[in-house]
Amino acid sequence: MTALIALVVRDLRLAVRVGGGAFVGVLFFLAVVVVMPFAIGPDLNLLRRIGPAILWIGALLASLLALDRLFAQDQEDGTLDLLLTARTPLELVAAAKGLAHWIATGLPLVLAAPVLSLLLNLEPLAIGAVVLTLLVGTPALTFIGLVGAALAVTLRRGGLLVAVLILPLSIPILIFGISASNAAVTGGLPFGAPFTILCALSLGSLVLGPIAAGAAIRAGLD
Amino acid sequence: MALIDLANPTRFLAFARAAIPIAGVLAAGLLAVGIYLAFFVAPEDYQQGATVRILYIHVPSAWLGMACYVVMTLSALGTLVWKHPLADVSQKAAAPIGAAFTLLCLVTGALWGRPMWGTYWVWDARLTSTLVLLLIYLGLIALWRTVEDPGRAGRAAAVLTLVGAVNIPIIKFSVDWWNTLHQPTSVIRLGGPTIHSSILTPLLIMAIGATALFVALHLSAMRNEILRRRVRTLRILAAQRGATA
Amino acid sequence: MIDLGPHALFIQLAWAAAGLVTLGLIAWVMIDYRSQRRQLAALEQAANARRRPAAPTPAVLEGAGVP
Amino acid sequence: MPSPCRLVGERLTCERGGREVFRDVSFSLDGGRTLALVGPNGAGKSSLLRLIAGLVRPAAGTLTLEGGDGELSVGEQAHYLGHLDALKPALTVAENLDFWIAALGGDSGLSRDDALDRVALGKLAELPAQYLSAGQRRRLALARLLVVHRPLWLLDEPTTALDVASQGRLFELIAAHLAAGGLVVAATHQPLALAYDELRLAGDTVS
């Protein structure tokens with residue numbers, strides 16, 4: 001257990017220090033949200049209606065794009081080889097790295113969402129809904145993305161490929177995340193229904209992600 | 001004191017040790033006077049009432065946000081063209097301060113907008129351009145946070161700053177065009193009424209005070225950056241000495 | 001405090017934000033200065049200790065002790 | 001002292017990227033002995049080491065560590081010292097080593113500071129690893145072998161980037177490990193300054 005804690009602490013330390021990726025994820029999210037109105041136009045009423053969608057797409061892209069270095073970085077400096085000889089199972093190692101990545105990249109997105117929703121002129125209820133759905137949804141994005149990060153190691157090609165591979169897998173999370181946010185605003189259907197499905201998806205990915213990532217890394221052992 | 005004299009870090013540190021307190025005291029004095037005038041002397045605006053008092057922070061911080069980018073552009077030229085050794089130190093030191101004042105400009109703009117337009121944020125041309133400027137600042141800071149070697153980071157940031165400087169007028173023009181194109185709900189121009197002298201004097205005092213504050217902060221940040229680089233070289237020496245152990 | 005009219009809250013918030021940002025910048029500069037000075041002192045002190053080591057050089061440099 | 005183990009490999013075959021690297025390699029290594037892998041480049045020395053460490057799946061053959069811990073794989077009872085030093089530049093020397101103490105787990109060896117002194121890095125504990133030279137980084141990787149006790153050491157070109165003094169220090173550490181009943185499998189071009197059995201990987205098996 002201490003090995004996993006040490007791994008999470010190490011990854012968080014690396015993310016925060018110079019060269020780490022924590023600050024860049026939120027900045028990308030800010031950039032995406034700021035750019036959208038330039039395309040859509042400054043009409044506040046329109047922006048209010050599609051606000052949750054803009055925030056969700058921004059968070060989705062910010063999460064996925066930061067994932068390809070997750071395992072590849074360790075593989076390049078030899079750390080992954082040693083983690084394979086450590087006595088903790090690979091799936092738990094992947095889960096620990098996923099947790100560290102979510103804390104360093106996913107959580108800041110959730111904290112930044114309320115501020116950015118002011119730019120999109122969302123009212124407090126919608127802000128609350130988006131933040132809540134993002135809080136539950138971003139772990140799912142990270143943990144499903146673990147498979148992509150692991151594949152980036154075996155295929156030795158990272159970058160956008162990971163995002164392309166994982167995007168289809170994250171569509172359910174996107175659908176239920178946004179429908180839950182909109183439900184809270186327009187009240188079409190009760191907020192609970194899509195939200196509980198989102199929670200279920202998230203919990204499922206907490207288990208499926210690491211197992212699939214472990215299998216992908218092990219399959220990649222040439 | 002030619003600029004070249006300040007090229008030598010140790011002489012710069014001596015200069016900074018003297019200049020920072022002076023600038024700090026000057027800033028404190030001017031800001032105190034400005035605040036007093038802004039609250040107790042200046043009249044309320046016939047349209048906006050008391051909320052015009054936010055003007056006394058909003059305009060100076062907007063002005064400083066842009067002035068800081070000018071300082072960074074000059075520093076970028078210093079790094080790339082005149083090869084001034086302290087130019088990238090000045091540039092890296094200025095970025096967080098510029099970002100902070102630009103953010104303050106946006107926050108005060110939003111707080112001013114709420115009572116006037118009923119919403120915190122309006123995609124008004126000037127506010128939007130300031131937001132883009134903030135993005136450029138944060139991008140530059142992120143650049144410094146990912147490159148370890150100060151020399152390389154300095155040159156990369158200098159190029160990005162210059163490219164940014166060339167693009168800011170273009171961004172400004174296109175945002176204005178984008179803004180008028182979509183003709184949002186009627187917006188009271190941020191500038192408000194023609195500035196009456198009774199409002200202008202406190203504003204000028206606040207602006208000069210804020211500039212003195214910026215000078216004090218910038219010199220201090222530069223001093224810190226020079227110390228940070230000394231720590232780095234001492235560490236490298238420690239490692240090399242360690243090698244012989 | 002003079003009458004700030006109906007929107008007093010927004011004026012106070014704006015000025016509070018200004019105060020916060022200014023104090024934040026001042027605090028950042030001073031904390032950073034102090035931490036750099038501390039690291040510099042530590043490094044210089046370590047460097048001096050190496051040049052005029054008080055204690056004899058530790059035995060490990062001659063050869064590894066066999067457990 | 002843990003009971004002396006015995007590493008036995010039978011008819012090991014390894015394929016990487018469709019190319020057969022070596023076939024039917026068998027060997028046995030008793031406690032306290034060293035097995036030196038010799039052969040031309042590309043003969044599969046590194047591949048055999050990675051295979052023993054569990055980083056490469058054998059196409060055929062079996063590998064057992066008699067006397068070792070039954071539930072653990074051979075790799076989990078071995079230290080693998082590859083070409084890469086597995087160090088994070090942003091972390092300090094101490095943080096890097098502390099991480100490996102916690103991550104590798106199992107019964108601990110020397111304390112962190114003793115291990116650092118043993119490889120003459122004691123004074124640089126608080127220095128970020130990015131400031132270290134290649135030789136110092138290599139010595140820090142060596143320190144990892146001391147802080148966690150594992151019976152089997154797999155060393156891939158251990159003397160690279162080490163100066164003469166450090167090489168002497170390395171052989172003393174290996175001698176100490178062997179004296180304690182440990183096993184060492186090393187792939188190296190330079191002759192090892194201690195007694196060893198030799199396993200020649202011809203490298204031209206696919207004739």
Side-chain angles (χ1 to χ4, degrees), chain A residues 1-24 69-97 99-100 104 150 153-156 214-222, chain D residues 14-19 21 46-47 49-59 69 71-92 95-108 128-130 137-138 141 144-145 148 150 152 154 156:
Chain A
M1 190 53 195
T2 52
L4 296 176
I5 295 169
L7 191 55
V8 173
V9 166
R10 185 202 68 156
D11 272 17
L12 286 179
R13 226 179 243 151
L14 287 173
V16 172
R17 291 194 181 167
V18 176
F23 181 68
V24 181
R69 295 300 299 161
L70 191 63
F71 291 111
Q73 188 78 34
D74 283 344
Q75 201 231 349
E76 275 156 23
D77 59 32
T79 312
L80 193 60
D81 286 347
L82 294 185
L83 288 177
L84 285 167
T85 65
R87 292 177 182 177
T88 43
L90 198 52
E91 287 73 10
L92 291 181
V93 168
K97 286 189 80 65
L99 176 65
V153 169
T154 49
L155 305 178
R156 295 241 184 314
I217 292 178
R218 216 171 272 116
L221 293 183
D222 42 23
Chain D
C14 168
E15 282 157 11
R16 290 183 75 171
R19 187 175 64 84
V21 181
S46 293
S47 302
L49 282 175
R50 289 178 68 86
L51 188 146
I52 299 173
L55 304 177
V56 163
R57 208 176 299 107
D69 183 332
E71 299 96 21
L72 298 174
S73 72
V74 175
E76 284 165 348
Q77 300 170 73
H79 272 308
Y80 172 68
L81 187 71
H83 297 301
L84 303 169
D85 296 324
L87 298 176
K88 293 293 178 184
L91 296 181
T92 66
E95 283 166 347
N96 268 299
L97 210 49
D98 286 342
F99 169 71
W100 285 118
I101 293 174
L104 292 176
D107 31 25
S108 58
Q130 71 206 357
R137 262 195 265 271
R138 198 65 180 161
R144 189 178 71 239
L145 277 62
V148 172
R150 288 191 172 188
L152 176 58
L154 305 170
D156 199 342

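A note on names: the letters A, B, ... follow the listed sequences, proteins ahead of strands, and every chain is numbered from 1. Heavy atoms only: backbone and side chains are in, while hydrogens, waters and symmetry mates are out.
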Under the side-chain contact (heavy atoms from CB on, under 4.5 Å) test, residues paired with A/Leu82 that sit two or more places apart
A/Thr85, D/Tyr80, D/Ala86, D/Trp100, D/Arg144
Shortest non-hydrogen pair, A/Arg218 vs D/Arg57, comes out as O-NH2, 2.8 Å
With a 4.5 angstrom heavy-atom cut-off, could you sort out which part of D/Leu72 is near chain A: side chain, backbone, both or neither?
side chain
Does any heavy atom of chain A fall under 4.5 Å from the side chain of D/Ile101, the backbone, both, or neither of them?
neither
Anything in residues 4-11 of chain A with a heavy-atom distance to chain D below 4.5 Å? Please list those residues in order.
A/Ala6, A/Leu7, A/Arg10
Per-residue contacts, residues 86-97 of chain A versus chain D, heavy atoms under 4.5 Å
A/Ala86, A/Arg87
Between atom CG of D/Leu91 and atom CZ of A/Arg17, what is the distance when rounded to the nearest 0.5 Å?
5.5 Å
Supply the atom-to-atom distance A/Leu84 CG to D/Leu55 CG, rounded to the nearest 0.5 angstrom.
6.0 Å
What pairs meet the salt bridge (Lys or Arg N to Asp or Glu O under 4.0 Å) rule with one or both residues in residues 78-91 of chain D, with sequence neighbours excluded?
A/Asp74-D/Lys88, A/Asp77-D/Lys88, D/Asp85-D/Arg138
Contact part of A/Gln73 toward chain D, heavy-atom cut-off under 4.5 Å: side chain, backbone, both or neither?
both
